[in-house]
Amino acid sequence: MKVLLVGGGAREHALACHLLQDASTVELVAAPGNAGIAAIARCQPVAATDIDSLLALAEKERPDYTLVGPEGALALGIVDRFRTAGIPIFGPTRAAARIEASKVFAKDVLRDAGVATGRAERHVDAAAAKAAVRTLGAPVVIKASGLAAGKGVIVAATISDADTAIDAMLIESRFGDAGQEILVEEFLEGEEVSVFGITDGTRVVSLIPAQDHKRLLDGDRGPNTGGMGAYAPCRDQAFADGIADTIMAPTLAAMRDRGCPFTGLLYAGLILTADGPKVIEFNCRFGDPETEAILPVTGPSLAPLLHAVAVGDRLPEHVPSAPPRGFAVTTVVAAAGYPEHPRTGDPIVLPPSEPALHVFHAGTAFSSTGQLVTAGGRVLAITAVAPSLAEARRRSTDYARRVEFDGKQYRTDIAARALGGDARAS
Ligand code: AMP
Ligand code: GLY
C-alpha cells in the first residue's frame with residue numbers, strides 16, 4: 001500500500017507512524033513532511049497548499065490513496081481536483097470543507113440539523129455587531145468566520161474587549177478576508193472535548209475522545225494558539241459513539257441535503273455544558289495536537305477505514321472498537337515568540353529516546369550543516385503513553401522540560417484538571 005501524506009506537522013508525523021505500524025507493506029511519501037517524518041517516509045519538497053504540484057506529484061507517484069492533514073489544501077479543493085483526475089483521496093470536497101472554512105456556513109448546517117450549539121448572530125457591520133454584544137452580555141465570543149489558523153476566536157471577558165475584537169476584524173481587517181464576516185456567539189461554560197469521526201458521508205466510526213489545551217500558558221491563560229497539548233482518552237467510547245449518533249449523523253444528513261456530502265474526518269469541537277454537549281466548531285480534518293494523543297493509544301490500525309473512504313467505499317456497518325492502549329498525554333514544545341512571531345533557526349537538542357514516548361516533529365528542519373533546528377511555531381509534540389493518566393502526564397512534561405532550544409515554551413499542566421487540578425507535574 002502506497003500513501004501520499006500531505007502536510008508537515010506533528011499531526012502528520014503521528015499519522016505517518018500510525019500508518020507504518022505495519023511497515024513491511026506500507027510505502028509512505030510525504031509532501032512536504034519535516035525532519036522527523038523524513039526518518040520514516042520519502043519527503044518531497046512540495047508545499048501543502050500547492051495543489052497543482054501535489055496533483056503532479058500524485059500523478060507521478062500513483063499512490064493507492066492520498067491523506068490530507070491540513071485544512072488549507074481541503075479548503076482550496078484538493079479533493080475535487082484529485083477526484084477529477086481519478087486519484088483516490090481521503091477528505092472532504094471544497095464545498096463540504098466549508099463546515100470548517102466558514103463558521104457562518106457551519107452554524108447554518110447545525111441549525112438545519114437541529115444540533116445543539118451556542119446562540120450566534122452573523123455580522124458584517126461593526127455597529128450592528130456591537131449592538132448584538134450588548135444584547136448577549138459579557139463574556140461573549142467573537143469569531144472570524146473564515147480560516148485564521150486557530151487565532152480567529154476571541155473570548156471577550158468584557159464588552160470593551162468584544163468591541164476591540166470586532167474593530168480588529170471588521171474595521172482594521174487584521175484577520176484579512178477571514179474576518180470580514182463574523183459571528184457574535186454566546187459564551188458556553190464547561191469542559192471542552194474533541195471527538196473525531198471517520199465518515200463515508202453517512203456512517204461514522206468515532207475515535208477516542210481527547211481534550212485540547214488551546215491557551216499558551218498554564219492555567220488556561222494567555223492567547224489562543226493552534227493547541228499546546230492534549231490528552232486521551234478524556235471520555236469513554238460510549239460517549240464518542242453518542243456524539244456520533246446525536247451530533248455527527250444529523251450533521252452529515254444536513255450536508256447530504258445541501259448537496260455537499262461530507263466524507264473524510266469530521267472533527268466536532270464540543271463544550272459539555274450543564275444542558276449537554278454543544279458544538280463550538282467543526283473541523284474538516286484530523287485535529288492537532290489531539291491526533292498526537294489519540295493515535296498512540298488507538299488499538300487497531302485506522303488505515304483500512306481511511307483507504308475505504310478514500311476510494312469511495314462504504315464503511316462497514318459495525319467496526320468493533322478496541323479499548324485504548326492506556327493513556328496518552330501530549331505536550332507541545334513551541335518556539336520563542338509563538339504564537340505571534342515565532343522565531344526559527346534555533347538549534348534543538350533532544351534527550352535520548354525512551355520507551356512508550358513519541359517525539360513527533362512539527363516545525364523542525366535540518367540546517368545546511370545537518371543540525372536539527374526550529375522551523376515553525378509549534379516545534380515538537382511529546383506524547384507519553386502510560387497505564388495511568390498521571391504517569392503519562394509526568395513523563396510527557398518531564399521530557400518536554402529536557403528538550404533544549406533557546407526560548408522554548410511549553411505547558412506543564414496538560415491533563416492536570418482531570419487529575420484534580422494540580423498544575424505542577426507530580
Ligand atoms: P475554535 O477555534 O472555534 O476552536 O475556538 C477556540 C477556543 O475558543 C475554543 O477551544 C474554546 O476554548 C473557545 N470557544 C470557542 N467558542 C466558544 C464559546 N461559544 N464559548 C466558550 N468558549 C468558546
Ligand atoms: N486542535 C485544534 C485544531 O486542530 O484545530
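Just so you know, ligand 1 is whichever comes first in the structure, and atom 1 is the first atom listed for that ligand.
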Legend entry - Selection residues 72-81 - residue pairs positive for salt bridge (Lys or Arg N to Asp or Glu O under 4.0 Å), sequence neighbours left out: Asp52-Arg81

Inset, instruction - Walk me through it: do Lys130 and Asp167 pass the test salt bridge (Lys or Arg N to Asp or Glu O under 4.0 Å)? - result: CA-CA 9 Å; Lys130 288 177 186 174; Asp167 285 342; 2.8 Å; yes

Which atoms of ligand 2 sit under 4.0 Å from any heavy atom of [X]?
X	answer
Lys214	2 (C)
Asn283	3 (C), 5 (O)
Gly287	4 (O)
Asp212	1 (N), 2 (C)

Inset, instruction - Only pairs at least two apart or in different chains count here, so list each ring-ring contact (aromatic ring centres under 6.0 Å, His included) that has a residue in residues 88-113. - result: none

Inset, instruction - Could you check Glu191, Arg235, Glu192 and say which one makes a side chain to side chain donor-acceptor pair (under 3.5 Å) with Gln211? - result: Glu191

Legend entry - For Tyr267, the option from Glu290, Glu71, Glu100 that meets side chain to side chain donor-acceptor pair (under 3.5 Å): Glu290

Legend entry - Where Ala322 and Pro300 come nearest, the two heavy atoms and their spacing: CB-CD, 3.5 Å

Legend entry - Heavy-atom donor-acceptor pair, Arg393 side chain to Thr412 backbone, under 3.5 Å: yes

Legend entry - Under the salt bridge (charged side-chain N to carboxylate O under 4.0 Å, His left out) test, residues paired with Arg83 that sit two or more places apart: none

Legend entry - Gap between atom OG1 of Thr66 and atom CG of Leu54 - 0.5 Å precision: 8.5 Å

Inset, instruction - Output yes when the distance from some N or O of ligand 2 to some N or O of Asp288 is under 3.5 Å, and no in every other case. - result: yes

Legend entry - Glu290 N/O under 3.5 Å from ligand 2 N/O: yes

Legend entry - Chi angles and distances behind the side-chain contact (heavy atoms from CB on, under 4.5 Å) call for Phe366, Val373: CA-CA 6 Å; Phe366 289 111; Val373 295; over 6 Å; no

Check contact between [X] and ligand 2, using heavy atoms of the residue and a distance below 4.0 angstrom.
X	value
Arg11	no
Arg285	yes
Tyr267	yes

Inset, instruction - Enumerate the protein residues lying less than 4.0 Å from ligand 1, judged by heavy-atom distances, in chain and residue-number order. - result: Lys103, Val141, Lys143, Val153, Val155, Glu185, Glu186, Phe187, Leu188, Glu192, Lys214, Asn224, Ile271, Ile280, Glu281

